[in-house]
Amino acid sequence: MSDPRRLVPGTDSVLADPRIATAVRRLGRPLVKAAIEEAQRRARAGEIAPEDVVDAAVGHLPERACGLRPVINATGVLVHTNLGRAPLSDAARDAVLAACGCTDVEFDLAEGRRARRGRGALAALAEAVPDAGAVHVVNNNAAALLLCALALAQGREIVISRGELVEIGDGFRIPDLLASSGARLREVGTTNRTHARDYADAIGPDTGFLLKVHASNFHISGFTAAAEVTELAALGPPVVVDIGSGLLSPHPLLPQEPDATSALRAGAALVTASGDKLLGGPQAGLLLGEAGLVERLRRHPAARALRVDKLTLAALEATLRGPEPPVRTALAADESDLRERAARLVERLRAEGVPAEVLRTEAAVGGGGAPGVTLPSAAVGLPAPYGPLLRGGAVPVIGRLEHGRCLLDLRTVEPEQEQSVVEAVLAVRRSHTGDASVPPCT
Ligand SMILES: *Cc1c(COP(=O)(O)O)cnc(C)c1O
């Protein structure tokens, strides 16, 4: 018998196949070659027949030249940092696509000369918050805070309450971020109680600004007190308010969540916020406030290092001007509608032998917004082993494990994603027929 390794087609001959040639144009040569090499390896190992190498290589091709995989967020956590926070609206996705090539991001088409970068997004933000004298956009809220510290307090002091020295996630801490600018933190008050007079006592010739940071990922209750922005604004130095979640005006369902308009009306000189939390847009840091201060931030040398790209500007403008983004739709979703959607999905799944049930659940804002607030919701409940299997599917569906069940919470699943969820669950059921850990309906 001849050695099967001799019969395995060489890379050049596989590359000549029209399907492979198309893939090279779409994915580039290195990724396609890796898929071919994997198919050749399997043929040499005798796992596949030599004549199946092209088919196998096609099967090993990645879907795109980027390893990031779209997933369906069925966790019930509206702003999930591990899943990339806010999903963009269709309008914002379309804007990103349009901005991918060359655009007039910094060019005046009528005059044929340089124009203000991102003027469309900045105008949309200014219109959304008329109380702001001026606005600026940077890479994220952390960048917005850093720029405030660099431009207004380098070598000077930032007065901040001990109750607001927040760790935002992945080990990053706002006090360390601020100190890295060369500003000194002047901590005042205590963990649970800080009063306006504590700030007043700390103010001196070295004060750069007073900073209020929203407790966006924790909640202190009991014997507590915090100074209001109005009280701090009366003390003299500029008050910078980090509202965190990016609500531009008050939201009726989240009365405790701070918003930019209210903070400015209360006397904040500057407000900083994220673009990809409750605003529902791309990662960005929003800066809103007094025109003179915003101009100092904009002109600081570090502003260039913190600036956003054209894709962010495009998505932000479309989020502000376009239809309601998914995070806001999810926030406003009606519980009875969610139950109906869950019931319809459960019916479809049970008809295919999946032991699904409708469960009452509590969704959360998450991602640094409205800590402790729960939103009544409905989920499709599945046996726990479905959890990891759904994560491993062609379109990963990320649920949450609760009371020994895998829950797919519909508050964070867009109606357009329901078909994909059904297909993913059925694919798990099909590929595990006879597997006792993934039981059929009884
Ligand atoms: C989320 C958050 C941040 C960090 O914002 P990024 O946009 O992730 O940089 C800072 N401050 C508060 C209060 C937050 O909630």
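The structure displayed is predicted, hence computed values, not measured ones. Residues take their numbers from the sequence shown, with the count starting at 1. When a ligand or atom number is given, it counts from 1 through the structure's own listing order.
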**Q.** Ring-face cation of Arg193 near Phe223 (centre distance under 6.0 Å, axis angle within 45°)
**A.** yes

Q | All pairs passing salt bridge (Lys or Arg N to Asp or Glu O under 4.0 Å) where residues 205-231 contributes a residue, at least two apart | A | Glu164-Lys212, Arg184-Asp206

Q | For Gln154, all residues meeting side chain to side chain donor-acceptor pair (under 3.5 Å), sequence neighbours excluded | A | none

Q: Please identify which atoms of ligand 1 are closer than 4.0 Å to at least one heavy atom of His214.
A: 13 (C)

Q) Will you find, in the side chains of Asn192 and Thr224, an N or O donor that is under 3.5 Å from an N or O acceptor? A) no

Q: Of the side chain and backbone of Ile174, name the one, both, or neither that has a heavy atom under 4.0 Å from an atom of ligand 1.
A: side chain

Q) Taking heavy atoms and a distance under 4.0 Å, where does Arg85 meet ligand 1: side chain, backbone, both or neither? A) side chain

**Q.** Minimum non-hydrogen distance to atom 5 (O) of ligand 1, winning option of Val138, Val241, Asn141, Leu177
**A.** Asn141

Q. Just distances here: any N/O of Ala142 and N/O of ligand 1 closer than 3.5 Å?
A. yes

Q: Answer side chain, backbone, both or neither: which part of Ser216 comes under 4.0 Å from ligand 1, heavy atoms only.
A: side chain

Q.
Test your reading of the structure: does Lys277 have an N or O sitting under 3.5 Å from an N or O of ligand 1?
A. yes

Q | Side chain to side chain, Val32 and Ile20, heavy atoms closer than 4.5 Å | A | yes

**Q.** Side chains of Asp409 and Ser377, donor plus acceptor under 3.5 Å
**A.** yes

(Q) Test your reading of the structure: does Ser274 have an N or O sitting under 3.5 Å from an N or O of ligand 1? (A) yes

